[in-house]
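Because the structure is a prediction, the values reported are computed rather than measured. A, B, ... follow the sequence lines: proteins, then strands. Residue 1 opens every chain.
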Number of protein chains: 2
Amino acid sequence: MENAPSLRNVKSQNAVLEALHQVNHATASEILDWLKVTQKNMKVSLTSVYRALNHLVATSQVKPLNFNDGQVRYELNTHAMHHHHMICTKCNLIQVLDLCPFDDIADKVKDTFSIQYHNFELFGLCGNCK
Amino acid sequence: MENAPSLRNVKSQNAVLEALHQVNHATASEILDWLKVTQKNMKVSLTSVYRALNHLVATSQVKPLNFNDGQVRYELNTHAMHHHHMICTKCNLIQVLDLCPFDDIADKVKDTFSIQYHNFELFGLCGNCK
DNA sequence: TCGAAAATGAAAATCATTTTCATTTTTCTC
DNA sequence: GAGAAAAATGAAAATGATTTTCATTTTCGA
Ligand SMILES: [Mn+2]
Ligand SMILES: [Mn+2]
Ligand SMILES: [Zn+2]
Ligand SMILES: [Zn+2]
């Protein structure tokens with residue numbers, strides 16, 4: 001007989017998910033900082049945050065983001081509409097860009113390339129900084 | 001009277017430019033490898049390659065590329081038409097994508113964001129791998 | 001030719017992330 | 001519930017790309 005799916009290890013993963021729910025587009029160490037402040041009872045290491053993130057990415061619950069600043073950021077993949085980002089090069093504000101250029105492009109390359117995913121980011125000055 | 005602009009240090013920079021001319025989208029260590037093989041007389045260190053690259057990027061002669069594989073790649077900026085890239089997730093082939101989604105998007109965000117540059121990459125399987 | 005400024009390379013430092021390894025916690029079986 | 005096996009954890013070490021330091025060499029201009 002099948003066992004119920006294990007709930008093993010879900011605690012730290014849930015903590016990370018909860019952190020990402022509160023602090024969107026966060027890095028591993030930003031997530032750790034948030035956990036330290038809000039989950040004073042639970043003791044988590046940076047190693048475990050990375051392990052949880054890697055698992056959550058592998059299971060498509062979380063998406064890694066690269067804004068070319070030397071550290072990976074993460075966002076929830078759950079129920080979030082597909083979107084991209086605008087990053088302010090002065091204050092590092094990250095804004096959501098609901099426009100996606102993908103559909104126009106997809107058709108035009110489909111004969112030579114089988115697309116799995118795409119990256120698109122705008123870098124520039126946000127409303128406050130320009 | 002003005003002096004002619006200094007040609008100081010141009011040697012290693014020229015060597016790196018020449019390498020990029022031959023090995024497009026190369027990393028710093030790939031450039032060093034190429035220099036070791038082809039410029040047997042000239043002795044270059046990885047440090048100098050990085051220094052030359054940083055200077056060439058700062059002066060817009062070379063453009064850095066990030067394909068999320070943990071190392072920066074570089075391409076010549078000179079006279080190259082604006083383009084993007086398709087990266088094969090199986091064999092790591094990098095193909096040029098002459099389509100650019102930027103113009104369509106630029107208009108729509110120009111009120112809230114002052115765009116300086118943008119990234120766009122397609123990841124998937126190339127013709128050989130799919 | 002001489003001295004200042006710039007360039008160079010080797011080695012050390014940095015920094016995000018991963019790996020190792022010993023210890024603790026959870027799960028499964030009896 | 002006890003005890004063994006499996007998985008999770010954290011501290012510390014390892015990794016790998018890139019930068020910094022620093023002592024030495026090269027180049028430029030007077
Ligand atoms: Mn987002
Ligand atoms: Mn290119
Ligand atoms: Zn800003
Ligand atoms: Zn391929």
Q: Whole angstrom is fine here: how far is it from CG in B:Asn68 over to C1' in D:dA17?
A: 15 Å
**Q.** Passing option when A:Leu53 is tested against A:Leu17, A:Leu20, A:Val72 for side chain to side chain contact (heavy atoms under 4.5 Å, CB included)
**A.** A:Leu20
Q) Which one of B:Leu76, B:Val62, B:Asn14 satisfies the side chain to side chain contact (heavy atoms under 4.5 Å, CB included) criterion with B:Leu56? A) B:Val62
Q) Going through the distances and angles, do B:Phe120 and A:Asn119 end up as a side-chain contact (heavy atoms from CB on, under 4.5 Å)? A) CA-CA 5 Å; B:Phe120 180 62; A:Asn119 287 347; over 6 Å; no
Q) Rounding to a whole Å, what distance do you find between A:Gln13:CD and D:dT9:C1'? A) 13 Å
Q. Could you give the CG-to-P distance, from A:Leu35 to D:dG10, as a whole number of Å?
A. 11 Å
Q) D:dA17 C1' sits how many Å from A:Asp69 CG, rounded? A) 15 Å
Q) Which class fits the ring pair B:His84 and B:His118: parallel under 30°, tilted 30 to 60°, perpendicular over 60°? A) tilted
Q. Between D:dT19 atom C1' and B:His55 atom NE2, what is the distance in whole Å?
A. 17 Å
**Q.** Side chain B:Asn66, main chain A:Asn68, donor-acceptor under 3.5 Å
**A.** no
Q: Examine C:dT8: is either OP1 or OP2 under 4.0 Å from a nitrogen or oxygen in the side chain of B:Ser12? Give yes or no.
A: yes
Q: Sugar-phosphate means primed atoms, P, OP1 and OP2; the rest is base. With that split, encode nucleotides 11-20 of chain C 5' to 3' as B, S or - using protein heavy atoms under 4.0 Å.
A: B----SSBBB
**Q.** Distance flag, aromatic centroids of B:His25 and B:Tyr74, threshold under 6.0 Å
**A.** no
**Q.** Euclidean distance, atom CE of residue B:Met42 to atom P of D:dT26 [Å, nearest integer]
**A.** 14 Å
